[in-house]
Amino acid sequence: MLDIQLLRNDLEGVTSRLAARPFQLDGAEFQALEQERKLVQTRTQELQSARNNMAKRIGQAKSKGEDVTALMSEAGEANSELQSVEAKLQQIQAKLQDFLLVIPNLPHATVPPGRSADDNVEVRRHGTPRQFDFQVKDHVDLGEGLGMLDFATATKISGSRFSLMTGGLARLHRALAQFMLDVHTREHGYTEVYTPYLVNAASMRGTGQLPKFEEDLFRVPFGLEEPTQIEVEEVVREGVTSIAPPRQKYFYLIPTAEVPVTNIVRDEIVPLELLPLKFVCHTPCFRSEAGSYGKDTRGMIRQHQFDKVELVQIIAPEKSYGGLEQLTGHAETILQRLELPYRVVALCAGDMGFSSAKTYDIEVWLPGQSAFREISSCSNFEAFQARRMQARFRNEKGKPELVHTLNGSALAVGRTLVAVLENYQNADGSVSVPAALQAYMGGLERIARSG
RNA sequence: GGAAAGGUGGCUGAGUGGUCGAAAGCGCCGGACUCGAAAUCCGGUGUACGGUUCUCCGUACCGUGGGUUCGAAUCCCACCCUUUCCGCCA
């Protein structure tokens, strides 16, 4: 969420910066809402002030034993306008809130312009793709050839976009996650956390998935919300005999550990000396992939369920851009240790996510596709998520101030597995185990078809 | 799922209809005392929003949302959470 003050003070500037995404800000609607808000709020507060004074006078008069019937009827009359104007104010503020909640973050000054992934800017490259003297296979052929990757059975159990791994491959998958966690906790100073995988709507709103991207999420019905008194009265007034049904409440499956981990600080004021908070978290991630029909249908690149090791930092504003560079470096370390070639790209304004002010993607080389594919996305959200979450710290002056939030995958485990399979494949269809992982595989150097 | 108790400021905790944004204590900040420190004493110490504009003024906030009332931390209703006991369960 953007700072409403910024929209009040520099509507034109905000509009033009958002146009880079591109996002069309309805400035006229904002100004109309603001004008009405100001009018109604001023009037409301005036009337509230009058009411408070009157109540005080009645109290004082009563304590002196004076007659207060005249005062009380006067006070009663003034109340009807207050009631309607209070309701109106609530309505306008809800409208303003809804307006603000769907505006994306402002791109940082260093974000390259552009509309699509084609306009992203390569920042650096690491490693050289290996030359193969045989026909390379992609991870699907390799995994199925090993007898350890079975999409048909996964489809039977669940449906498309799920995978089933067995034996050495399942172990390799586990080894990757363990390895990543160990590097980040032992070498990069992150605290490991275990979180809920089902979260409430407030958490999803905090990190920006709601209200705009509900269709990307899986949700599970749980519990009912009783209708408010107002709703019940509306039903009665409209002469409907049945009472309004209770609203269904939902849990949402996390699409990334970013959601539960970042929300740790929702509605909190973090002491300055604890910053930056650095968390690493391994979770499954669940995504509906609505709107990606026909994209990456083969293999385990795009799944409804995948594992990811996520880095999250809660950091002071003036340190957040330095923190983003560091965090991206932490993610790169994993690829370096696994000796996988990759490049880092700065996303252009049009390719960035809704909540991000700046994003680096890390793309790993996949011989099966002869292409770099995204394996990590590292972002600085500045105060965008913090404002939604009311996540603050106490600054040097002792005043609460919004934190900045960072996160990045380090890495997506499924895609890392794909990269290991394809980059470490041998002519006979076996796969060598990267040196960094052998300790996690009981010293195993090579995964081959058994029997 | 059943029963009971509870949810007040950074913390402890008082407040059951009227100058209550809220006593008191602790903590923290400033000052006095001191060579310095401790102890003691004095003063200050929540958040958000709005108006004004650098100085104030106003409004809201005592788990959340409603209601009653001229007036609600206090009364009523619903919900959420915490603790304890019972039941069920990995």
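Proteins get letters first, then strands, A, B, ... in listed order; numbering begins at 1 in each.
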Distance, rounded to the nearest Å, where [X] contributes [atom1] and [N] contributes [atom2]:
X: A:Asn53; N: B:G58; atom1: CG; atom2: P; answer: 9 Å
X: A:Leu274; N: B:G10; atom1: CG; atom2: P; answer: 16 Å
X: A:Glu268; N: B:U47; atom1: CD; atom2: C1'; answer: 14 Å
X: A:Gln97; N: B:A48; atom1: CD; atom2: C1'; answer: 13 Å
X: A:Glu86; N: B:G65; atom1: CD; atom2: P; answer: 14 Å
X: A:Asn9; N: B:G50; atom1: CG; atom2: C1'; answer: 14 Å
X: A:Arg387; N: B:A48; atom1: CZ; atom2: P; answer: 12 Å
X: A:Asp267; N: B:C80; atom1: CG; atom2: C1'; answer: 14 Å

Pair partner, [N] [Watson-Crick or wobble, under 3.5 Å]:
N: B:G36; result: none
N: B:C56; result: B:G51
N: B:U45; result: B:G27
N: B:G1; result: B:C86
N: B:C81; result: B:G6

Of the options [options], whose atoms approach the side-chain atoms of [X] most closely?
X: A:Arg394; options: B:U47, B:U19, B:U59; value: B:U47
X: A:Pro400; options: B:U47, B:U59, B:G50; value: B:U47
X: A:Arg392; options: B:G51, B:U19, B:U47; value: B:U47
X: A:Ser49; options: B:C70, B:G50, B:U59; value: B:U59
X: A:Arg8; options: B:C49, B:C70, B:U59; value: B:C49
X: A:Gln90; options: B:C49, B:G66, B:C70; value: B:G66

Roughly how many Å apart are [M] and [N], using the [atom1] atom of each and rounding to a whole number?
N: B:G13; M: B:G17; atom1: P; answer: 23 Å
N: B:U82; M: B:U45; atom1: C1'; answer: 29 Å
N: B:C77; M: B:C26; atom1: P; answer: 39 Å
N: B:U84; M: B:A48; atom1: P; answer: 35 Å
N: B:G65; M: B:C88; atom1: C1'; answer: 32 Å
N: B:A23; M: B:U8; atom1: C1'; answer: 12 Å
N: B:G30; M: B:C79; atom1: C1'; answer: 45 Å
N: B:G51; M: B:G10; atom1: P; answer: 26 Å

Checking all strands, does [X] fall into the base, sugar-phosphate, or nothing category for heavy-atom contacts under 4.0 angstrom?
X: A:Gln390; value: nothing
X: A:Glu34; value: nothing
X: A:Arg51; value: sugar-phosphate
X: A:Ala75; value: sugar-phosphate

Is the base of [N] touched by the side chain of [X] through a donor-acceptor pair closer than 3.5 angstrom?
X: A:Gln48; N: B:U59; result: no
X: A:Lys62; N: B:G18; result: yes
X: A:Gln45; N: B:G58; result: yes

Exercise. Taking only the side-chain nitrogens and oxygens of A:Asn52, find out if one of them lies under 4.0 Å from OP1 or OP2 of B:A60.
Key: yes
key: Short side-chain N/O contact to B:G50 OP1/OP2 from A:Lys38, under 4.0 Å   = no
May I ask you to say whether A:Glu382 pairs ionically with A:Lys358, meaning some side-chain N is under 4.0 Å from a carboxylate O?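 No, A:Glu382 and A:Lys358 are not salt-bridged.
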Enclosure of A:Glu273 CD (heavy-atom neighbours >12, cutoff 6.0 Å)
yes
Just wondering, more than 12 heavy atoms not from A:Glu215 lying within 6.0 Å of its CD? yes
**Asked** So, do A:Leu169 and A:Thr166 sit near enough that their side-chain heavy atoms are less than 4.5 Å apart?
**Response**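 No, too far: nothing below the 4.5 Å cut-off.
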Residue pair A:Leu338 / A:Leu176, side-chain heavy-atom distance below 4.5 Å =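 Yes, side chains in contact.
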RNA chain B nearest-nucleotide lookup for A:Thr42 and A:Ala50: closer to the 5′ end is A:Thr42
Worksheet entry | Of A:Gln60 and A:Glu46, the one whose closest RNA chain B nucleotide lies more 5' |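 In this pair, the answer is A:Gln60.
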| message | Just to verify, which of A:Thr405, A:Asn407, A:Asn263 counts as forming a side chain to side chain donor-acceptor pair (under 3.5 Å) with A:Gln385? | response |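 Testing A:Gln385 for a side chain to side chain donor-acceptor pair (under 3.5 Å) against A:Thr405, A:Asn407, A:Asn263 leaves exactly one candidate, A:Thr405.
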| query | In terms of the angle between their ring planes, are A:His188 and A:His330 parallel, tilted or perpendicular, with boundaries placed at 30° and 60°? | reply |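 If you compare the ring of A:His188 with that of A:His330, the planes turn out parallel.
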Validation row, ring centre A:Tyr321 to ring centre A:His404 under 6.0 Å: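 A:Tyr321 vs A:His404: aromatic centres not under 6.0 Å.
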Taken in chain and number order and not counting sequence neighbours, the residues that satisfy side-chain hydrogen bond (donor to acceptor under 3.5 Å, both in side chains) with A:Gln97 are none
Fill in: Chi angles and distances behind the side chain to side chain donor-acceptor pair (under 3.5 Å) call for A:Glu86, A:Gln48
CA-CA 9 Å; A:Glu86 269 180 340; A:Gln48 283 171 332; 2.9 Å; yes
Open item on the list: Apply side-chain contact (heavy atoms from CB on, under 4.5 Å) to residues A:Arg171 and A:Leu444 and explain how you reach the verdict.
Closed with: CA-CA 11 Å; A:Arg171 187 178 191 183; A:Leu444 190 71; 5.5 Å; no
- Task: For RNA chain B, find the residues of residues 195-203 of chain A with a heavy-atom distance under 4.0 Å and give them by number; none if there aren't any.
- Result: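 Under 4.0 Å from RNA chain B: no residue of residues 195-203 of chain A.
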